[in-house]
There are 4 protein chains.
Amino acid sequence: MCPKVSSEYKTEIKERIIQSAIECFSKYGLDKTTMEGVAQKADLSKGTLYLYFKSKEELFYVICDNNLKVLKERLAQILATTKTKEDLVSNAEQFYENFHRTEKRENEKIFCEIIAESARNPKLQKMLYAQRLKTFNVVREYLDHQMEKGFFRKDTDTKAIASGFVALYDGLIASEFLGISASYSINSWRSTVRAIMAGIS
Amino acid sequence: MCPKVSSEYKTEIKERIIQSAIECFSKYGLDKTTMEGVAQKADLSKGTLYLYFKSKEELFYVICDNNLKVLKERLAQILATTKTKEDLVSNAEQFYENFHRTEKRENEKIFCEIIAESARNPKLQKMLYAQRLKTFNVVREYLDHQMEKGFFRKDTDTKAIASGFVALYDGLIASEFLGISASYSINSWRSTVRAIMAGIS
Amino acid sequence: MCPKVSSEYKTEIKERIIQSAIECFSKYGLDKTTMEGVAQKADLSKGTLYLYFKSKEELFYVICDNNLKVLKERLAQILATTKTKEDLVSNAEQFYENFHRTEKRENEKIFCEIIAESARNPKLQKMLYAQRLKTFNVVREYLDHQMEKGFFRKDTDTKAIASGFVALYDGLIASEFLGISASYSINSWRSTVRAIMAGIS
Amino acid sequence: MCPKVSSEYKTEIKERIIQSAIECFSKYGLDKTTMEGVAQKADLSKGTLYLYFKSKEELFYVICDNNLKVLKERLAQILATTKTKEDLVSNAEQFYENFHRTEKRENEKIFCEIIAESARNPKLQKMLYAQRLKTFNVVREYLDHQMEKGFFRKDTDTKAIASGFVALYDGLIASEFLGISASYSINSWRSTVRAIMAGIS
DNA sequence: CATGAATGAGACTTCATTCAT
DNA sequence: CATGAATGAAGTCTCATTCAT
């Protein structure tokens, strides 16, 4: 039906380029990343990059997309199991460190780059907007689920709280980029989340 | 006694350059902003820029510094008056919209740029780190003050909650950059803050 | 075994750049030579120059180095054969014109540029210093050799005389740059050299 | 008859500019010297320079001219007294160090700059050419005078030897710029000059 | 398919010169 | 006369992209 082998090979090369590009973009930012640099880290030639991606911009978009999807998946995964209320609280409190730990450092750094870029790139912003709504929904559904179990008051605005959680997470990640220690952020997350949970119980 | 006129004049030009640069940096980002562009918007020649700032980098730093100081001042100002617990809660809930509204759009956009840049610029990171700690402290002192009034439980970790508030704020701002509506963010802030306040009361 | 073709090709381009640069540097001097100019004369683009040389400075250094080596080699070559004392005297007297004639005009002009530049460039000065000592030595060894043959008095300070010869040569070249005619310089060389040889015989 | 005071004042300013320019040109070369730099060292403003000299180039010419005249005068002075043949030889042998010592370092460095520049500046070359001939003549007349006293053979080509001396001097100065030690150069001068004198006696 | 040499647009920065005060 | 702020031409260097091999 289709040239499998060749296709697989191409996919592998593509993946190699993407990984290299992620590293570069996170380390140097969109503008200061050079195609030469990406090529070298991927052990390819500059020309080859253009066989797989039309331009530096496109490469960046693909990565953004990739990145966002992965984030959402991982989030859904981590939120999957909660049985008792104790589970809920401890899960929530530990979420930051859990999610953070399993996350590759590069992915978070590049996220920062992505947001900055999106502020002036409508196409990118659209993409991010869609993903952000999805992220909100994943969290919201989780909260709704817990509410149904009776862990939260019925009048809780889960939509608002969900985006609050996401924002809190992002804000703490940003803090870490500024040099705030991880333990500081973790503690902040725990206390704030505990307060929120207590407030809506 | 001192060259007032000349000095004032120079200050005015400097201010013009800074305003122009802020606009450019927010709109295009650090790298895609050109000195030519900044000069044009300031109605000056490229060369003149260099009479006032050593380089594009320095111009950026000065703006970062300016920006951070202004932010902190405005924060302190807004937190100044709280008498009753009702004040406290309504102040807190309305903080986001209040702070946000008075803030110039550019200043927030550039803040985004600043964080992204700081992730790979140690000098800038240091600056931001210092400022962030100060911001935390302003909020924390405010919380401590309210705690002493008996509005919060004595065992509240105000340090952690303070950075939680700041992170929440930043995260919501980021959301807005992605296209999330202001009303959505405001609502999210209100609900989350109300929950936190309830949780620590 | 090795990428001959590519290597040869690159060498050729490099050579083309160097030749162009020599012409430019001699004609306009280090500062007034532009990379654009060098590129055009070499029928290449500006960017290409930077594929072969890191900077204008480096290009200049490479040329200095090349130039000095070539000079020394040619000198050694020309001093190779002297059998009788008549040979010696006539060789010596004709040296200036011989060396001068075979030398490309540009190479001498650039030498002037090199010395001027070296007066304020320590790195360059070091390079020149080393080469100059080598040049002195080549001449000195030649003189020592003649002394052993008994053509000169045994108490001759060949080291001092050697550098005298070199200085005389350089000084006359300089004179020519100022517009003094070649025949004037040749005559001056002949008379002075004859006098020196007579003086140390 | 003329506005003396004002004139004197102007002359003083002019002199200050020239001195400053000499220092700058010797230290940095023609191109790398900035009018700003010259102005600062002269404790004047950039604009003032242009009240006294039409352009950077003109300033350089004036200095070249000054410099050459001074050189010739000092040479004539130093050659003024020679009575016995012993005087002659010892004067000649010590000439290099004498002339060198009384010479300001800057003046020699700038001489280097002047020659390099003249290689591509016809107007300057003309100036230098004229001066060089005058220098040759001063030395030649001196030699002729000594010849008449019977210190040299009658068939000596004093014209050629004179330019030989000058060239030797210049060449040794150039050597010093390359880092060759003064004592080395002095010794070289002595030996070579002694040889020449012996050769033509 | 892969390469990497070549291109050239475009960015930052400097500085001689002018001119209003 | 003196100043120094302003200008803008010009230079160095980088890098995304193309294309012949």
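Bear in mind that the values here come from a model prediction, so they are computed numbers and not experimental data. Worth knowing before you read on, the calculation uses all heavy atoms, side chains too, and leaves out hydrogens, waters and symmetry mates. So that the names make sense, note that chain A is the first sequence line, chain B the second, and so on, each numbered from 1.
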Would you mind reading off the distance between [X] atom [atom1] and [N] atom [atom2], rounded to a whole angstrom?
X	N	atom1	atom2	result
D:Asp31	E:dA16	CG	P	9 Å
C:Leu59	F:dC13	CG	P	10 Å
D:Glu36	F:dA6	CD	P	14 Å
B:Glu57	E:dA11	CD	C1'	14 Å
A:Glu58	F:dA16	CD	P	15 Å
B:Lys14	F:dA5	NZ	P	12 Å
D:Tyr28	E:dC15	OH	P	12 Å
C:Asp43	E:dG8	CG	P	11 Å

[X], nearest nucleotide to its side chain (from [options]):
X	options	answer
B:Lys10	E:dT7, F:dT17, F:dA5	F:dA5
C:Leu51	F:dT12, F:dA2, E:dA5	E:dA5
A:Ser45	F:dT12, E:dT3, F:dA16	E:dT3
B:Met35	E:dA16, F:dT17, E:dC12	E:dC12

Ring-face cation of D:Lys14 near D:Phe53 (centre distance under 6.0 Å, axis angle within 45°) | yes

Would you say a side-chain N or O of [X] is under 4.0 Å from OP1 or OP2 of [N]?
X	N	value
C:Thr48	E:dT7	yes
A:Tyr9	E:dA2	yes
B:Tyr52	F:dA6	yes
D:Lys56	E:dA16	yes

Open item on the list: Please classify the nucleic acid contact of B:Ile13 as base, sugar-phosphate, or nothing, using heavy-atom distances under 4.0 Å.
Closed with: sugar-phosphate

Re E:dA20: Watson-Crick or G-U wobble partner, both distances kept under 3.5 Å, found to be F:dT3

Pairing partner of E:dC15, by Watson-Crick or G-U wobble and under 3.5 Å for both distances, is F:dG8

Identify whether the distance between the nearest side-chain nitrogen and carboxylate oxygen of A:Asp43 and A:Arg16 falls below 4.0 Å. no

Between C:Ala21 and C:Leu59, the two heavy atoms sitting closest are CB-CD2, 3.8 Å

Between B:Leu49 and C:Ser55, whichever has its closest DNA chain F nucleotide further toward 5' is B:Leu49

When C:Gly47 and C:Leu30 are each assigned the nearest nucleotide of DNA chain F, the 5'-most assignment goes to C:Leu30

- So does C:Lys46 reach the base of E:dG10 with its side chain, donor to acceptor, closer than 3.5 Å? yes

Notebook entry, point to check: Is the shortest heavy-atom distance from the side chain of B:Tyr28 to the side chain of B:Val38 under 4.5 Å?
Noted result: no

Side chain to side chain donor-acceptor pair (under 3.5 Å) with C:Lys69: of C:Asn67, C:Asn66, C:Asp65, only one passes, and it is C:Asp65

- Cut-off 3.5 Å, side chains only: do B:Gln19 and B:Glu23 have a donor facing an acceptor? no

